[in-house]
There are 2 protein chains.
Amino acid sequence: MRKLTIKDVAKHAGVSTATISRVLNGSGYVSEDVRRQVLASVKELNYRPNAIARSLKQEKSRSIGMILPDMSNPYFMTIARTIQQRLVAEGYRLLFMDSDENPDKEREALDALLSNRVEGLLLAGTGGNKEQLRQLIGSGIPVVLVDRCVPGVSADLVMEDNRGPVRQAMEYLVSAGHRHIGMIHGPKTISTALERYEAAVRALQEAGLQVGEEYVYSGDFSRKSGKQAIQKLMKLPVPPTAVFSANNEMTFGLYLGLQEMGIGLDEVEVVSFGDLDFSSLFKHRLSVIMQHPESIGDSAASILLDKLLHQKSAMENRIIIPKFVQKNKLSL
Amino acid sequence: MRKLTIKDVAKHAGVSTATISRVLNGSGYVSEDVRRQVLASVKELNYRPNAIARSLKQEKSRSIGMILPDMSNPYFMTIARTIQQRLVAEGYRLLFMDSDENPDKEREALDALLSNRVEGLLLAGTGGNKEQLRQLIGSGIPVVLVDRCVPGVSADLVMEDNRGPVRQAMEYLVSAGHRHIGMIHGPKTISTALERYEAAVRALQEAGLQVGEEYVYSGDFSRKSGKQAIQKLMKLPVPPTAVFSANNEMTFGLYLGLQEMGIGLDEVEVVSFGDLDFSSLFKHRLSVIMQHPESIGDSAASILLDKLLHQKSAMENRIIIPKFVQKNKLSL
DNA sequence: ATTAAATGTGTAAACGTTAACCTATCATGA
DNA sequence: TCATGATAGGTTAACGTTTACACATTTAAT
């Protein structure tokens, strides 16, 4: 059973291929009689137009590419899902690629997407591939940076404020009496990681607190690195009484690490950038900076669709402000 | 800056388009000199072949479709991610669609994927669209059912054993002294839900326990329905002392529900089909049936690739056995 | 020296659509 | 009556590749 083409349908319905195309696309004039006959033939033969041929002819792929660093991180998947829904509703399809926080993989993914002639790009980038990115944007394809900016690359951008809430959080920790605060950060090549790091250090310094080298651990945003971090921190001569973890996965790792070491999850007060989903069930001293992946996704989709559908060209930057939420506070 | 075609490269390199194609695909004979010249031109012009045109000509899309019920459920995303990695490594791309457990959306997604001429399908189905599915499989396109079977549709299948571990779990609950056991199930149109339900009821009956209607709640695998379920169950004249929840999301909802009602998370013993990710940090009476999304994904990818790459045609069913793990047991 | 096989490259016809361009019919109004 | 525009539908040339075929030229084998 060969795959049917528009010609088969044309033959079956006794009209030309152009007419079939017109019926199926609702373009041009077609008499009601012919219309019905064509639809009947389509149904009878179970014909399905070839989207690939259509894309080629129309020179538009109706697809959008998205690169995200970690498909198993619910934060990014929530963004992705929101975007997908919006795009599908407008007749686009979304191609996801997972860069795994790896610039080389990111580059490959980018190549693949461009070969597929995506009409737009959503990028939660690794911070590498700057040159390629600049070139891309120069070439006119709409690119929206999502969650992370790429220094030196100016493009549309939707991200969260990574400084304000961190400052708040640090002030809270200091006012709660902590003098030894551990910090678990992400790779400084990633904008979110860098911003959170800088904001945290500065806030503590301004509060008159020295931040010792040994209290700062540089992780990679993975669960594993969060675990390693806390295990190192807790072995210090004077272990921290509070820890700031720069993303949700590392926070998770932090708790796994504590547990593995047999340390009570309550023995250290934690502030996490990014919620943990189950944190509301958690009876420990955990405060979180609540992110808004749906808002991020929604804004990113809107910006992209504006360019695609209404050829808006102004560059836009939207900053969403995450909320510092002091949860599950127990007395010290 | 128009998009470059193979003709531009041909002109630039002073050869025919066929030669460019041959160099880029490593097919046919090309002299080393010409080869170098072509590659130089490609690089200089920054040419990128049009995958759409290639697909059309070759009559193969190099893409695989996948429909999953819930992109924000980590269980399915882990499966998806595993599969994506395997497929990308073989030069395919994976198109995800989210059916949202809704047969109509599923149908639309299926249509979209077929229009895009996917060469294979991975399906964690809703249980609707049987007729269309049968037709699809009859048409020769490789279809692998993932996680869920569809009764009345015979196709390749990778799923977990939904009965054995449930039986074990029920036996455990009975032997632990529970006489009133609540059950929160999924929609019976979904095979996993039905199987877990039947296995649970049968096991209890065989253990000599009556299962009262009022202890069985029919949810929809969503967090929200888990919450509603537990809230209803706990209001019974004789509330259950243990609850079996048929998937991870509903288990989560269950705990949210308990919390909202101000009931201690320990006041009821829980068995969850599907792990909760954070369950190891959880100090409550929670046992889980541990699933193996990576294995599922891996097997599904293998089966599909065997058909695609080695035209294997034998139908295969693989059953992964989840493990019942008694965790965080406290004395009653 | 002759032939056959291997190597190198170009020409042009597909792949399945869409859309520009035609032609033809039929109302409508001046 | 005749032009005009709306309606209806067919022909055909693209879109950017790949590849079958053709034609040289070189190499190897007899």
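Sequence lines set the chain letters: A, B, ... in the order given, protein chains first and strands last, and positions in each chain run from 1.
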Between D/dA13, D/dG9, D/dT17, which one does the side chain of A/Lys57 approach most closely?
D/dA13

So, the side chain of B/Thr19 versus the backbone of B/Val15: is there a donor-acceptor pair under 3.5 Å, distance only?
no

Tell me which of B/Arg22 and A/Ile20 sits closer to the 5' end of DNA chain C, going by the nucleotide each one is nearest to.
B/Arg22

Looking at A/Ser139 and A/Leu136, would you say the former's side chain and the latter's main chain have a donor-acceptor pair under 3.5 Å?
yes

Under 4.0 Å from OP1 or OP2 of D/dC15: is there any side-chain N or O of B/Asn50 that close?
no

Rounded to whole angstrom units, what separation is found between the CZ atom of B/Arg48 and the C1' atom of D/dT17?
17 Å

Please report the end-to-end axis angle for the helix from C/dA1-D/dT30 to C/dA30-D/dT1, five pairs per end, rounded to 10 degrees.
40°

Measure the distance from CG on A/Asp33 to P on D/dT7 and round it to the nearest whole Å.
16 Å

Looking at A/Gln58, I'd like to know whether one of its side-chain N or O atoms comes within less than 4.0 Å of OP1 or OP2 on C/dT17.
no

What nucleotide among D/dG16, D/dA8, C/dT11 has an atom nearest to a side-chain atom of A/Glu59?
D/dG16

Please report the distance, rounded to the nearest Å, between CZ in B/Arg36 and P in C/dG8.
13 Å

Among the candidates D/dT17, C/dG16, D/dG9, find the nucleotide nearest to the side-chain atoms of A/Leu56.
C/dG16

OP1 or OP2 of C/dC15 under 4.0 Å from side-chain N/O of B/Ser55:
no

Short question: side chain of B/Asn129, backbone of B/Pro103 - any donor-acceptor pair under 3.5 Å?
yes

Can you check the B/Ile52 CD1 to D/dG16 P distance for me, whole Å?
10 Å

Under-4.0 Å salt bridge between B/Asp156 and B/Lys312:
no

From the candidates D/dT19, D/dG9, C/dC15, the one with an atom nearest any side-chain atom of B/Ala18 is D/dT19

Closest non-hydrogen atoms of A/Ala80 and B/Met71, given as atom of the first, atom of the second and distance, are C-CE, 4.3 Å

Does C/dG16 have OP1 or OP2 under 4.0 Å away from a side-chain N or O of A/Thr5?
no

Check B/Glu90 with B/Arg86, please: is the shortest side-chain N to carboxylate O separation under 4.0 Å?
no

Quick note, A/Ser21 side chain, CB onward, closest among C/dC15, C/dT18, C/dG10 is C/dT18

Of all the choices, D/dA20, D/dT12, D/dT17, which nucleotide is nearest to the side chain of A/Thr17 once you look at every atom?
D/dT12

Nearest-Å distance for atom pair CG/C1', residues B/Leu114 and C/dG16
17 Å

Measure from NZ on B/Lys7 to P on C/dG10 and round the result to the nearest Å.
15 Å

If you assign each of A/Arg117 and A/Thr19 to its closest nucleotide in DNA chain D, which residue comes earlier from the 5' end?
A/Thr19

Options D/dG9, C/dT18, D/dT17, nucleotide nearest the side-chain atoms of B/Ala53
D/dT17

Basic-acidic side-chain contact under 4.0 Å: A/Arg35, A/Glu32:
yes

Here the distance between atom C1' of D/dT19 and atom CG of B/Leu24, to the nearest Å, is 15 Å

Looking only at the side chain of A/Tyr29 (C-beta and beyond, no hydrogens), which of the listed nucleotides C/dT9, C/dT18, D/dA8 gets closest?
D/dA8

Rounded to whole Å, how long is the line connecting atom CG of B/Asn25 with atom P of D/dT18?
5 Å

Do side-chain atoms of B/Arg148 reach the backbone of B/Gly125 as a donor and acceptor pair under 3.5 angstrom?
yes

